[in-house]
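See structure below.
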Amino acid sequence: MSISMQFPDGSVRGFNEGVTAMDVAKSISEGLARNVLAARVNGKVVDLSRPLSHDASIEFLKFDDADGKSTFWHSTAHLMAEAIEAMFPGVKFWVGPPVDNGFYYDIDLGDRKLTEEDLGKLEKRMTELARQKNVYERKEISKADAIQYFTDKNDEYKLDLLQNLADGEITLYSQGNFTDLCRGPHIPHTGFIKAIKLTNIAGAYWKGDEKNKMLTRVYGVSFPSQKELDEYVALLEEAKKRDHRKLGKELSIYTMDDDVGPGLIMWLPNGTIIIEELEKLAKETEEDAGYHRVVTPHIAKESMYVTSGHLPYYKDSMYPPMQLDGETYYLRSMNCPHHHKVFAALPKSYRDLPYRIAEYGTVYRYEQSGELFGLMRVRCLHMNDAHIYCTRDQFETEFRAVNDMYLKYFKIFGVDKYVMRLSLHSPDKLGIKYVDEPELWKETEEMVRQVLINSNIPYIEVQDEAAFYGPKIDVQIYSVIGREFTLATNQVDFAQGSRFKLSYTTADNSTDTPLIIHRAPLGTHERFIGFLLEHYAGRLPLWLSPVQVKVLPISDKVHDYAEAVEVAMRKAGIRCQLDDRQEKIGRKIRDAELQKIPVMLVLGEKEAVDGMLSLRRHGVEGSESVKTEDLIAALRQEIDNRL
RNA sequence: GCCACUUUAGCUCAGCUGGUAGAGCAACUGAUUUGUAAUCAGUAGGUCGUUGGUUCGAUUCCGACAAGUGGCUCCA
């Protein structure tokens, strides 16, 4: 019997039935056969050793393919397990999948401990095993036999996995002395794995549940060549240079102190300038969009959070209450209840809607200590918060306007690497994590989905990420070390309006409850500035730079001229500093460059005589001669347009 | 909160197996008046995160606590 294989370029060739994908690869070229890791047959990734019995489309996967990489890393996880089992006989394995940047394996080490020194030994052992070119062998096994096999091994973890597998779909993979329950696929043999780095050891709860036992998770990454590993390591080091925690210190943006407390940011003068620029942008934007600005206190009585419904859901992440005058007060962890009270302060009619109120609100959240992370996850934060109270008919327009506001901001900051996430509830957690209104959930989720579809915004849908009061759109970003955060959020709230008995008079003189939109396009100052530092690698645009211009006189013979230039800059509202230290010009330039000052003005006797400036831009070698008033006009324009 | 690691001068870091610490940069002082990424010399700086214990003696070994870091859980 002959079967036909269709290749990605559309060409079709015939092969004998039972031919393996590897045979097909060999028939194309030896070079391909040497580098190919797995095959995609009719869209499904399979081992190269699998016999093919039907007509199919076939594609060969190398390391540069995402699925090829995953297969490679998955196979490396098995190799690591083999090395760990050799080092610690009797350990038990849970799962060892590939992840975005490598792989991990969760292991129950019993009462033994794995140290960082062991990682080096493991890498060595893995390299030795890899050189043996051990073949990854696939074996189909009945469920009964599999249960017998793992019962004999006393392996409760694999037995647990087997519970959810049906007879006939169970396979074992073996390489060298290691056998694992695994659906595959795998690379042909361990010899492909040329460079290995075990990156860290971490704890991970079994099945991700904190009530369960904590297993030891070992992370690693591997490559088909040492060169690729070296490049990867260099990339990581590059990324570390733009870590906001490092830049925040180098550029004197913020500080923290043990005496103040964990997760509590103190903004230094430089950071405060960034904050003020961001708030200026937000105020302008919100004013244009018809928002009113309000100011509300940082604390409130317990009763308000009972009304809002926050308390049962968020008590654990609020700072403990304080007792005052026989009342219980909480530091707020959200602004919305205060804003609802602002809405309720005066009677509203449909003519007042949409009613939009904004505040850079300070909130306090008692985040778990292990979760704190630089500026990205803190305990005192300043939200670019606003609430929009509107009718059902106005909802789509308002919600879209908020989305447009995001996009406007993102354009200003050149933000393009983000994922829009439609965050939905999880029906099995109604009444636990989400208000128990199944119909309203369905309705509002569809409403939000339609807004996204109608505005042609690419997005993903994820369950169990909604707020307790409604679905939302979150803008997900990644820190340089790869951690995911919600930068901005746009949320529907169908619950709090009625809880607070908010109402407005309709056109036919009845009353109705407004729908509420919670939104924070600029997220919080903390997270947003952390993000911006990494996004710009510390090279903030002129309008955000704490110091925009540095005047660098060559000697103090031109001090008067330098001072005059500085004064002129400051008069034009440009943040300018004079470096009048008795240092050589090279030194002054170096220091200004390291501080990432956008504009440097070198002034010597020549400039003083001509009344000119020697302009040098950060990161740009060489200089040009300009007139003070021309430069001021140009900088002013750049700043005013936030370029 | 859980697992692991880390904590030495303002910053970045060195300090083998226990005998109370060192460098570079920054700071300060003096000299130098300088042309596009580090001028030279000198001075000063630390009860080695805190706190118990072991020891004749602890920065070093052990415990507790705190903070930070990598994950897990969580994330309004």
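Convention: sequence-line order gives letters A, B, ...; per-chain numbering from 1. All values derive from a computational prediction rather than experimental measurement.
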Rounding to an integer number of angstrom, what distance separates [N] and [M] when you compare their [atom1] atoms?
N     : M     : atom1 : answer
B/U69 : B/A26 : P     : 27 Å
B/C48 : B/U59 : P     : 6 Å
B/G15 : B/G24 : C1'   : 15 Å
B/U8  : B/U50 : C1'   : 15 Å
B/A14 : B/G57 : C1'   : 24 Å
B/U20 : B/G30 : P     : 37 Å
B/A44 : B/A67 : C1'   : 29 Å
B/A58 : B/G49 : C1'   : 16 Å

I want to verify a distance call: between [options], whose nearest atom is closest to the [X] side chain?
X        : options             : value
A/Ser614 : B/U12, B/U36, B/A37 : B/U36
A/Ser555 : B/U33, B/C72, B/G35 : B/U33
A/Val602 : B/U36, B/C2, B/C74  : B/U36
A/Phe373 : B/G70, B/G68, B/G35 : B/G70
A/Gln368 : B/C11, B/G70, B/G1  : B/G1
A/Ile554 : B/U34, B/G68, B/G71 : B/U34
A/Ser623 : B/U36, B/A37, B/G70 : B/U36
A/Tyr219 : B/G35, B/A37, B/C72 : B/C72
A/Met214 : B/C3, B/G70, B/U12  : B/C3
A/Tyr366 : B/G1, B/U36, B/U33  : B/G1

Residue-phosphate contact under 4.0 Å: [X] side-chain N/O, [N] OP1/OP2:
X        : N     : result
A/Lys557 : B/U34 : yes
A/Arg245 : B/G70 : yes
A/Lys211 : B/C2  : no
A/Lys213 : B/C3  : no

Under 3.5 Å donor-acceptor pair, [X] side-chain atoms to [N] base atoms:
X        : N     : result
A/Arg377 : B/C75 : yes
A/Gln582 : B/G30 : no
A/Tyr205 : B/G1  : yes
A/Arg587 : B/A38 : no
A/Arg527 : B/C75 : no

Modelled atom types, side-chain donor and acceptor of [X] and [Y], under 3.5 Å:
X        : Y        : answer
A/Gln463 : A/His425 : no
A/His525 : A/His382 : no
A/Tyr389 : A/His340 : yes
A/Thr489 : A/Asp474 : yes
A/Tyr254 : A/Glu526 : no
A/Tyr360 : A/Asp385 : no

Is [X] touching bases, backbone alone, or none of the nucleic acid, heavy atoms closer than 4.0 Å?
X        : value
A/Glu605 : base
A/Gln491 : sugar-phosphate
A/Gly370 : base
A/Gly374 : sugar-phosphate
A/Gly604 : base
A/Glu607 : base
A/Arg616 : base
A/Asp556 : base

Euclidean distance, atom [atom1] of residue [X] to atom [atom2] of [N] [Å, nearest integer]:
X        : N     : atom1 : atom2 : result
A/Lys588 : B/U39 : NZ    : P     : 11 Å
A/Arg483 : B/C72 : CZ    : C1'   : 11 Å
A/Met256 : B/A67 : CE    : C1'   : 10 Å
A/Lys606 : B/U36 : NZ    : C1'   : 12 Å
A/Lys246 : B/G68 : NZ    : C1'   : 16 Å
A/Asn212 : B/C74 : CG    : P     : 12 Å
A/Leu372 : B/A67 : CG    : C1'   : 10 Å
A/Ile107 : B/C3  : CD1   : C1'   : 13 Å

**Request:** May I ask you to say whether A/Glu359 pairs ionically with A/Arg332, meaning some side-chain N is under 4.0 Å from a carboxylate O?
**Result:** yes

**Asked** Is a salt bridge present between A/Asp591 and A/Arg587, judged by a nitrogen-to-oxygen distance below 4.0 Å?
**Response**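 Answer for the salt bridge query: yes.
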
**Fill in**
Of A/Asp464 and A/His618, the one whose nearest nucleotide on RNA chain B sits closer to the 5' end is A/His618

**Pairwise 5' ranking along RNA chain B for A/Ala202 and A/Arg421, keeping only the more 5' one** = A/Ala202

**Message:** Taking syn as a glycosidic torsion within 90° of 0 and anything else as anti, which one is B/G46?
**Reply:** anti

Paired with [N]: which nucleotide, if any, by Watson-Crick or G-U wobble criteria at under 3.5 Å for both distances?
N     : answer
B/U39 : B/A31
B/C5  : B/G68
B/C16 : none
B/C25 : B/G10
B/U59 : none

**Asked** Do A/Tyr105 and A/Trp94 make the cut of ring centroids closer than 6.0 angstrom?
**Response** no

**Asked** Taking the six-membered ring for Trp, are the ring centroids of A/Phe468 and A/Tyr434 within less than 6.0 Å of each other?
**Response** no

